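Let me begin by presenting the structure, written as structure tokens, before commenting on it.
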2 protein chains.
Amino acid sequence: MTIKTKEKAVATLPLNEILAGDCIDVMNALPEASVDLIFADPPYNLQLKGDLHRPNNSKVDAVDNAWDQFDSFKAYDAFTKAWLAAAKRLLKPGGAIWVIGSYHNIFRVGAELQTQGYWILNDVVWRKSNPMPNFRGKRFTNAHETMIWASKDEGSKYTFNYEALKELNEGIQMRSDWVLPICNGGERLKDDKGDKAHPTQKPESLLHRVLVGSTNAGDVVLDPFFGTGTTGAVAKALGREFIGIEREEAYRKVAAKRISRVRKFDKTAIAVTTPKRAEPRVPFGQLVERGLLRPGEMLTSPRGHLAKVRADGTLIADDVKGSIHKVGAELEGAPSCNGWTYWNFKRDGKNVSIDVLRQQIRAEMSE
Amino acid sequence: MTIKTKEKAVATLPLNEILAGDCIDVMNALPEASVDLIFADPPYNLQLKGDLHRPNNSKVDAVDNAWDQFDSFKAYDAFTKAWLAAAKRLLKPGGAIWVIGSYHNIFRVGAELQTQGYWILNDVVWRKSNPMPNFRGKRFTNAHETMIWASKDEGSKYTFNYEALKELNEGIQMRSDWVLPICNGGERLKDDKGDKAHPTQKPESLLHRVLVGSTNAGDVVLDPFFGTGTTGAVAKALGREFIGIEREEAYRKVAAKRISRVRKFDKTAIAVTTPKRAEPRVPFGQLVERGLLRPGEMLTSPRGHLAKVRADGTLIADDVKGSIHKVGAELEGAPSCNGWTYWNFKRDGKNVSIDVLRQQIRAEMSE
DNA sequence: CCACACAATGAATCCATCA
DNA sequence: ATGATGGATTCATTGTGTG
């Protein structure tokens with residue numbers, strides 16, 4: 001029964017479609033635990049009083065659309081609570097969510113995320129390289145937006161392609177502040193009159209980093225505030241499945257047209273750098289079994305400790321016995337030790353890391 | 001009567017002192033509407049579980065102080081609500097508040113600020129130039145903290161020294177993201193044993209920018225979580241009056257000694273040395289993220305080698321994978337290789353160096 | 001005295017898998 | 001579920017020691 005329900009659920013999950021309607025209703029109609037990642041760019045609750053003018057009196061095209069007006073924090077909180085709860089139900093156990101916002105709404109969103117039991121992994125700042133200046137000189141240039149990245153629950157798994165992100169950043173660990181330009185130029189979608197099709201279109205570079213970093217190829221990515229479909233466009237190019245939800249028909253049309261033109265990157269291009277952890281585990285005992293090391297042979301540590309290899313793949317040094325890791329840790333008085341990189345053996349008079357032997361076995365395994 | 005009360009209040013306002021006690025009690029005992037600016041660095045409620053070790057096995061000195069321990073979000077929220085209410089009462093009508101925090105607490109603080117009727121003017125991101133890395137490679141480097149700047153009420157006046165901040169920023173409007181180093185070196189206060197006197201001492205550069213931007217000489221600045229007195233030290237140097245509140249005697253002692261040694265800047269000395277800007281580092285991955293190169297696109301070397309661009313900004317050529325530099329070096333059998341000048345892409349049938357694209361990004365960044 | 005190597009450390013919600 | 005164990009993981013800056 002359970003299995004049947006699940007099968008049916010998966011079968012009816014509408015992939016790579018833009019669903020019409022209110023995102024809360026639509027999410028509640030989708031099967032639970034069916035989505036790997038949610039990226040959400042909810043309305044910002046901008047409370048603009050009157051129009052804003054540039055120094056030359058040209059009017060700024062402010063975000064004042066009807067869908068962005070809420071009469072109070074209370075109404076906004078109720079809305080936030082409802083869509084976040086619906087989103088949590090949809091997430092698989094190892095799923096995660098990203099929400100982007102500004103100071104107008106992000107504090108309320110973040111507090112509600114925590115209250116609902118989502119577990120914040122990072123807040124990430126999108127630092128805009130070309131923001132709109134503060135024309136009146138009354139505040140700081142509003143030059144960033146904030147994203148919150150959270151797993152479904154405390155302690156739950158999540159996808160994080162650490163090595164791929166490190167490569168994207170040319171060998172240095174990716175930080176929580178991302179410097180990326182705003183969406184303009186050819187990427188910015190226009191309507192029939194040549195005006196911008198959506199007031200807050202996000203750059204594809206932002207979604208590229210989010211999806212490369214926190215999804216794998218084939219994952220299902222849901223965007224409940226789809227707009228003109230940046231999430232869908234990048235997901236398609238990267239070989240992820242998407243589900244979009246959008247209330248406004250005009251946006252749905254623009255998004256559908258946009259995504260239809262996107263070409264998938266080829267498979268080897270989508271493949272990213274993988275972690276060492278993904279390589280097959282080789283027990284140290286295999287080196288002994290295969291004769292790469294002989295029982296009785298002595299290993300040396302960087303600081304001159306000696307240990308004898310035993311037939312069962314353990315080491316013995318003075319009065320310490322155990323695995324290569326345990327013996328290394330005890331000799332160093334350290335909380336842990338990677339025995340593979342710690343111990344050396346002698347070949348032709350030279351010290352060689354035992355990790356070389358592990359590499360050798362792994363190479364044989366992959367043949 | 002009202003006037004007399006006010007006069008008495010001002011007369012008894014303890015200036016340039018560090019008051020002992022719980023900040024909520026102490027604030028409630030101070031006269032209302034008597035303070036121009038509040039800078040607050042409340043406990044972050046970090047909720048750290050076990051120990052964390054660096055890859056070299058040394059233990060990270062975590063913030064495990066009793067003052068950062070709360071039983072639940074509910075308890076933290078009650079604390080936040082109480083101190084923010086006490087702070088609001090103290091602010092003059094034209095006063096403002098700054099609160100600094102991390103993702104652990106800042107969303108709850110920001111939401112409560114809004115709920116109490118404070119009016120958020122900006123959120124400002126302190127981007128740390130030298131943050132502690134993420135040692136286990138499980139998340140993004142936590143490389144920033146968030147500050148919220150809010151006036152006492154919607155529509156109320158506030159101080160903003162636009163021109164002074166513009167000068168601080170080499171003639172360009174100050175943005176909402178500030179790149180500043182963490183507090184270490186000679187500025188970091190030590191106790192008798194040579195350990196850090198306070199686990200979370202803030203850099204004076206941060207307070208300098210806050211006080212120059214949002215107070216005038218002679219203004220009263222209150223810091224309810226005074227710690228080792230960075231706010232007081234910078235306020236004194238800039239000719240502002242300060243009031244500090246601190247519960248821990250050890251911190252009060254260190255702060256008092258520190259501030260006693262501070263000399264006021266003379267007016268001409270406040271001219272600030274601007275740090276020289278190095279050419280920004282552009283990771284190759286940004287060309288991919290920003291669509292200047294497509295995953296799957298082929299690059300060529302001077303000697304005709306081909307390599308395919310991957311989604312994470314690495315290249316793949318035959319069986320060689322890695323950064324533009326590494327792949328170039330391996331193909332040439334060289335110890336190193338500058339991939340930026342080595343690789344070319346095709347545009348309009350002609351070979352163009354990828355370094356042209358880096359120049360393009362640098363030009364955008366400096367705009 | 002200078003150059004260079006090496007060690008120390010900072011607001012951190014920091015593992016995965018198997019028995 | 002829980003515990004034991006294998007073994008993977010860091011950047012910028014400052015201070016100290018050595019040649």
Side-chain angles (χ1 to χ4, degrees), chain A residues 94 114 118-123 149-151 154-155 157-158 160 162-163 166 169 171-176 275-285 313-314 322-329 334-343 354-355 358, chain B residues 41-65 67-70 73 76 100-106 126 128-146 179 181-188 190 194-196 198-203 225 227 281:
Chain A
Q114 291 178 313
Y118 286 96
W119 195 246
I120 297 181
L121 299 166
N122 279 111
D123 61 334
W149 175 41
S151 62
E154 178 177 358
K157 280 193 172 187
Y158 56 91
F160 184 55
Y162 175 77
E163 290 78 12
K166 192 171 171 177
N169 199 31
I172 294 168
Q173 185 174 91
M174 188 73 80
R175 299 167 39 118
S176 60
K276 275 189 192 168
R277 293 183 274 279
E279 292 179 47
R281 203 174 81 87
V282 176
F284 176 74
T314 58
S323 71
I324 53 173
H325 315 292
K326 188 182 167 193
V327 173
S336 70
C337 172
N338 183 345
W340 287 109
T341 54
Y342 180 76
W343 292 107
I354 60 171
D355 206 30
R358 181 170 64 160
Chain B
D41 182 11
Y44 287 10
N45 189 23
L46 286 188
Q47 306 177 59
L48 303 176
K49 300 286 196 295
D51 289 342
L52 179 65
H53 292 87
R54 299 185 182 80
N56 67 4
N57 274 326
S58 65
K59 190 178 159 196
V60 174
D61 185 13
V63 178
D64 54 2
N65 307 65
W67 48 254
D68 198 45
Q69 309 297 325
F70 293 83
F73 280 133
Y76 189 80
I100 184 167
S102 67
Y103 67 83
H104 308 84
N105 71 324
I106 198 64
W126 169 28
K128 302 179 184 182
S129 55
N130 50 348
M132 186 164 70
N134 185 289
F135 295 116
R136 302 299 292 267
K138 290 294 149 185
R139 303 182 177 192
F140 298 98
T141 311
N142 211 337
H144 74 276
E145 295 187 25
T146 300
V179 180
I182 61 174
C183 177
N184 58 10
E187 189 186 326
R188 188 83 196 215
K190 303 288 165 64
D195 298 325
K196 55 191 175 191
H198 192 283
T200 71
Q201 186 183 341
K202 296 293 174 288
F225 306 97
R281 197 176 67 93

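Chain identifiers are assigned alphabetically (A, B, ...) following the order of the sequence lines, protein sequences preceding nucleic acid strands; residue numbering begins at 1 within each chain. The figures here come from the full heavy-atom set of this structure, side chains too, leaving out hydrogens, waters and symmetry mates. Here the structure is a predicted model, which is why all the values come from computation and not from measurement.
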NA contact type, [X], heavy-atom cut-off 4.0 Å: base, sugar-phosphate, or nothing?
| X | result |
| --- | --- |
| K196(B) | sugar-phosphate |
| D41(B) | base |
| P203(B) | nothing |
| S323(A) | sugar-phosphate |
| N142(B) | sugar-phosphate |
| D68(B) | base |
| E163(A) | sugar-phosphate |
| C337(A) | base |
| K276(A) | sugar-phosphate |

> Which one, dA11(C), dC14(C), dA12(C), comes nearest to the side chain of R188(B)?
Replying inline: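 The listed nucleotide nearest to R188(B)'s side chain is dA11(C).
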In chain order, what residues pass the side-chain contact (heavy atoms from CB on, under 4.5 Å) check against [X], with sequence neighbours excluded?
| X | value |
| --- | --- |
| T200(B) | D41(B), V63(B), W67(B), H198(B), K202(B) |
| C337(A) | A329(A), Y342(A) |
| Q69(B) | none |

Mind listing the N/O atom pairs, protein and nucleotides 11-15 of chain D, below 3.5 Å?
unit_1  : atom_1 : unit_2  : atom_2 : d
dC11(D) : OP1    : Q173(A) : N      : 2.9
dC11(D) : O2     : P131(B) : O      : 3.4

Quick one: side-chain hydrogen bond (donor to acceptor under 3.5 Å, both in side chains) partners of [X], sequence neighbours excluded?
| X | result |
| --- | --- |
| K276(A) | none |
| Y162(A) | Q173(A) |
| R54(B) | S58(B) |
| S336(A) | N57(B) |

Over how many whole Å does the gap from [X] atom [atom1] to [N] atom [atom2] extend?
| X | N | atom1 | atom2 | result |
| --- | --- | --- | --- | --- |
| N56(B) | dA8(C) | CG | P | 8 Å |
| N65(B) | dA12(C) | CG | C1' | 14 Å |
| N122(A) | dA11(C) | CG | C1' | 14 Å |
| K59(B) | dA12(C) | NZ | P | 14 Å |
| L48(B) | dA12(C) | CG | C1' | 6 Å |
| Q69(B) | dA12(C) | CD | C1' | 13 Å |
| K190(B) | dT9(C) | NZ | C1' | 9 Å |
| M174(A) | dT10(D) | CE | P | 14 Å |

> On a plain distance test, is the side chain of S336(A) in donor-acceptor contact with the base of dA8(D) below 3.5 Å?
Replying inline: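 Check passes, donor-acceptor contact within cut-off.
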>> Ignoring hydrogens and geometry beyond distance, is the side chain of K202(B) in donor-acceptor contact with the base of dA11(C) at under 3.5 Å?
In response: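 Pair found.
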>> Just N and O in the side chain of H325(A): are any of them under 4.0 Å from OP1 or OP2 of dG6(D)?
In response: no
>> If you compare every side-chain N and O of S58(B) against the phosphate oxygens of dA8(C) (OP1, OP2), does one of them come in below 4.0 Å?
In response: no
Suppose you measure atom [atom1] in [N] against the same atom in [M]; what distance do you get, rounded to whole Å?
| N | M | atom1 | answer |
| --- | --- | --- | --- |
| dA11(C) | dG6(D) | C1' | 31 Å |
| dA7(C) | dT10(D) | C1' | 14 Å |
| dT9(D) | dA12(C) | C1' | 14 Å |
| dG19(D) | dC1(C) | C1' | 12 Å |

>> Donor-acceptor pair, distance only, cut-off 3.5 Å: does the side chain of N45(B) make one with the backbone of N105(B)?
In response: no
>> Counting Watson-Crick and G-U wobble pairs with both distances under 3.5 Å, what is the dot-bracket string for DNA chain C, 5' to 3', using [ ] for crossing pairs and | for pairs to another strand?
In response: .|||||||||....|||||
> Who passes ring pair (Phe, Tyr, Trp, His ring centres under 6.0 Å) against F135(B), sequence neighbours left out?
Replying inline: none
> Looking at residues at least two apart in the chain, or sitting in another chain, which of them share a ring pair (Phe, Tyr, Trp, His ring centres under 6.0 Å) with W343(A)?
Replying inline: none
> Side chains of H104(B) and S102(B): do they bring a donor and an acceptor to under 3.5 Å?
Replying inline: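 Note: H104(B) and S102(B) side chains meet the donor-acceptor criterion.
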> Do R358(A) and E279(A) sit within salt-bridge range, that is, some charged N less than 4.0 Å from a carboxylate O?
Replying inline: no
>> Under the side chain to side chain contact (heavy atoms under 4.5 Å, CB included) test against L46(B), which residue among D68(B), N65(B), D64(B) passes?
In response: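 Among D68(B), N65(B), D64(B), the one that satisfies the side chain to side chain contact (heavy atoms under 4.5 Å, CB included) with L46(B) is D68(B).
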>> Using the rule given for side chain to side chain donor-acceptor pair (under 3.5 Å), can you reason through E154(A) versus Y118(A), listing the C-alpha separation, both sets of side-chain angles and the distance that settles it, and then say yes or no?
In response: CA-CA 7 Å; E154(A) 178 177 358; Y118(A) 286 96; over 6 Å; no
> Taking the nucleotide of DNA chain C with the closest heavy atom to each, which residue, F73(B) or I182(B), is nearer the 5' end?
Replying inline: I182(B)
Restricting both atoms to N or O, compile the protein contacts to nucleotides 15-19 of chain C shorter than 3.5 Å, with distance only.
unit_1  : atom_1 : unit_2  : atom_2 : d
dC15(C) : O4'    : R136(B) : NH2    : 3.2
dC15(C) : O3'    : K138(B) : NZ     : 3.2
dA16(C) : OP1    : K138(B) : NZ     : 3.3

